[in-house]
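One is the number of the first residue; the rest follow in order along the sequence.
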Amino acid sequence: MTVGSRDPRYQELTTRAYNGRFVGRPDEVRLVGSTHQIMRSVTDAVRAGKRLAVRSGGHCFENVPDASDVRMVIDLSEMNEVSFDPGRRAFVVEAGATLGQIYRTLFLGWGVTLPGGTCPTVGAGGHVVGGGYGALSHRYGSVVDHLYAVEVIVADHSGKARKVVATREPDDPHRDLWWAHTGGGGGNFGIVSRYWFRSPQARGKDPARLLPKPPATLRQASASWQWADINEAAFARLIHNYATWHREHPGADLHAGLSLLHRAAGQIRLDVQLDEDQPGAEQLMAGYIAAIGAGVPATPATQVFTWPWLRATTSLYPGLGGYRIKSKSALLRRPWTDQQIAVVHRYLQQGGAEHYPSGAYLSTFGGQINAVPAEATAMVHRDAAFSSFFETAWSLPEEDEHHLSWVRGLYRDVHASTGGVPVPGSAYSGTFVNYLDADLADPAWNTSGTAWHTLYYRENYPRLQQVKARWDPRGVFRHLLSVRPA
C-alpha cells in the first residue's frame, strides 16, 4: 500500500513513535505486508533514484528514517506475525512485531521467551540486528545469541531486490550476512523481513525446549532516596555501593538499574527484579537493597511486590513518546571514578523544573552476555560490566539548544579523559549501536581522534565492511552512521 502526503494516514505513518524531534517528509510511505512487497518497494526506489529508509517500531534515536533526503519510507509495522516454523525447528518473528507482542505470543503459546529489551513497544526489526539485551540477558545472553536465521531483502549491482535467507550453520554460504545481523545495526545491509530463533544448545523438535523459559513470577522492588536527604558524599556512596556489589557478585541472578534522576524529579531510584522461585529470593532482595544503601544517611522508601512475569514484562512502559529527546550511552568495563561521579552530581543540580525528565542511568551488563567471544557475533561488547545512559526530554522546539547543551555537556565531561566519548580501553568497551548518536561523528563533541565506528564495532568493523561490500554494492541502505564498504 502506498500512502502519499495528501492521504489522511500520512501523518500517522511519518510521526515518530519515540522522538518528537524528528518528523519525516518523504514522497511516499510503503506500508508493506509481505516479503514480496518489500522487494517491489526496494526495486521501485532504486529505479526511481529515491533514497529509502525503513522503520518497524519507530524508536530510532536519530533521524535515520526522517532525514530530509529520504523520499520513500518502507514501514514494516503490519508485518508482525510470531509463530513456529517446524521445518527450521525455530520460532519465526516478522520484523514489525513489537517486543511486547513477541513475549506474549512466545510465552502463552509455548512457555518460552527471548532475552530482549524492557520496552514492549520497541520493534524487533532494529532491536535484534543491533544486538539487543534486557532484564533476562544476565541469565540468557543477548537476543542475538539465540538468532538462528534471518531473511533479508538486498539489492544487487543492477539495483534489483532479492530475498536471501542466511543462517548460523557453518556451511551456509550466506553465513556472513547472518553474522552481520547479530549486532551490525539496522539500515546497513538490507531490510530484514523476518528472524528465526532457536538457542544454540537446543535439541529435538519440541518448541517448548528450543528457547529459554522465563521465570513464572518476578519479585520486583523500587527503593527511592529523596534528593533533599542526599548530599554529594551520599550520592557518591550509592554509586560506589552499586558498582562494588555487582563486581563482587558477577553471577548473581538479578537485574538492577540505578536511576540518577535530575534534582527536579526529587529522587534517586533503584529498581530491581529477580526470579521469585530461586532459593532465598526474599533474603537476596532485602540484602541487596540494604547493601546499596549502606552508609547512606537516609532511609529509602521501598516497595516490594510480586506478580506474573508476562504481566510485569508487558506492562505499560513509562516512555517519552511525543517528547523531543536526546539520548547518549556508554558501556563500562570499570565503574565511574570519583571525578566522573562529581560531574554527574553537578549536572543533576543544574537548571530547574524544565529538567524533570532528565537523568543519568546505570544498569548491569555482563553475565551470560560476556560468555560469548567478541568475534562470534557482530555485537562486540562482550567485556562490559555496566551500561550507562544519559537522556533529556522536552516539549518545545525553542528549548532545543538548552536541553541539547545540557546532555551533550554532561556526556562530554563524564568522558573528558578520553576526548568526550567512551573510547574502548581499560575504562570502556565503547557504546551500543542501538543507541544511535550522531554526535559521535561530530568533531565538536568527539575530540578523541577515534572514529565513531570504532566506538560501536571496535575490531569487528572491517568484517562488517566486507559484508557491506558484498551485499549492498550500490550503497542503497545507508544513513548518517551506516557501515561504509571497505
Side-chain angles (χ1 to χ4, degrees), residues 30 32 34-47 49-56 60 64-65 70 72-74 76 79 88 92-95 124-132 144 147-196 375-380 433-434 436 452-453 456-486:
R30 295 284 182 98
V32 295
S34 68
T35 299
H36 175 76
Q37 290 176 6
I38 299 174
M39 293 170 60
R40 179 179 173 183
S41 297
V42 171
T43 299
D44 289 349
V46 174
R47 287 176 176 172
K50 289 187 173 184
R51 170 85 183 278
L52 64 82
V54 62
R55 53 179 275 178
S56 54
C60 182
V64 171
V70 169
M72 179 192 291
V73 171
I74 300 175
L76 305 178
M79 292 184 64
R88 287 194 169 94
V92 58
V93 174
E94 290 190 321
H127 180 74
V128 176
V129 71
V144 298
L147 180 64
Y148 174 73
V150 59
E151 180 180 271
V152 191
I153 286 75
V154 298
D156 62 20
H157 285 280
S158 69
K160 183 180 179 180
R162 63 189 178 99
K163 176 185 74 174
V164 179
V165 175
T167 75
R168 67 174 178 233
E169 297 294 344
D171 59 350
D172 188 337
H174 305 147
R175 193 178 190 276
D176 63 335
L177 190 62
W178 167 85
W179 180 87
H181 285 80
T182 62
N188 279 316
F189 313 101
I191 297 177
V192 176
S193 50
R194 51 179 54 88
Y195 297 103
W196 284 264
E375 70 278 5
T377 64
M379 207 290 280
V380 72
V433 71
N434 275 359
L436 209 62
W452 61 267
H453 53 74
Y456 285 132
Y457 304 118
R458 288 174 19 204
E459 61 269 23
N460 280 349
Y461 188 63
R463 185 174 173 187
L464 288 169
Q465 289 182 290
Q466 294 172 5
V467 178
K468 176 73 170 179
R470 177 185 179 189
W471 293 104
D472 185 24
R474 293 174 61 106
V476 171
F477 306 99
R478 64 189 188 277
H479 54 79
L480 71 168
L481 294 177
S482 57
V483 173
R484 274 52 165 178

Legend entry - Sub-4.5 Å side-chain heavy-atom contact between Asp472 and Val154: no
Legend entry - Whether over 12 other heavy atoms sit under 6.0 Å from Arg40 CZ: no
Inset, instruction - For side-chain contact (heavy atoms from CB on, under 4.5 Å), just list the numbers for Glu94 and Glu151, CA-CA rounded to whole Å, side-chain angles, deciding distance to a tenth of an Å, and then say yes or no. - result: CA-CA 9 Å; Glu94 290 190 321; Glu151 180 180 271; over 6 Å; no
Inset, instruction - Rounded to the nearest 0.5 Å, what's the gap from CG on Asn188 to NE2 on His479? Could you check? - result: 4.5 Å
Legend entry - From OG (Ser482) to CG (Leu464), nearest 0.5 Å: 11.5 Å
Inset, instruction - Report yes if the side chains of Lys163 and Met39 come closer than 4.5 Å at any heavy-atom pair, otherwise no. - result: yes
Inset, instruction - Measure the spacing between OG1 of Thr43 and CZ of Arg162 and express it to the nearest 0.5 Å. - result: 11.5 Å
Inset, instruction - Can you see which heavy atom on Ile191 is nearest to which on Val42, and at what distance? - result: CD1-CG2, 3.7 Å
Legend entry - Arg47 atom CZ: more than 12 heavy-atom contacts under 6.0 Å: no
Inset, instruction - Could you grab the distance from atom CG of Asp172 to atom OG1 of Thr167, nearest 0.5 Å is fine? - result: 3.5 Å
Inset, instruction - Without swapping roles, check the side chain of Asn460 against the backbone of Thr377 for a donor-acceptor pair under 3.5 Å. - result: yes
Legend entry - Gap separating the CE atom of Met72 from the CZ atom of Arg51, nearest 0.5 angstrom: 13.0 Å
Legend entry - Main-chain N/O of His157 paired to Arg474 side chain as donor or acceptor, under 3.5 Å: yes
Inset, instruction - Work out which heavy atom in Ser56 is nearest to a heavy atom in Ala95; give both atom names and the distance. - result: CB-O, 3.4 Å
Legend entry - Atom pair OH (Tyr457) and CH2 (Trp452), whose distance is rounded to the nearest 0.5 Å: 6.0 Å
Legend entry - Option passing salt bridge (charged side-chain N to carboxylate O under 4.0 Å, His left out) with Asp176 (candidates Arg470, Lys468, Arg168, Arg463): Arg470
Legend entry - Close side-chain approach of Phe477 to Leu52, heavy-atom, < 4.5 Å: yes
Legend entry - Parallel, tilted or perpendicular: rings of Tyr461 and His453 (30°, 60°): parallel
Inset, instruction - Answer whether the closest heavy-atom distance between the side chains of Tyr456 and Leu481 falls below 4.5 Å. - result: yes
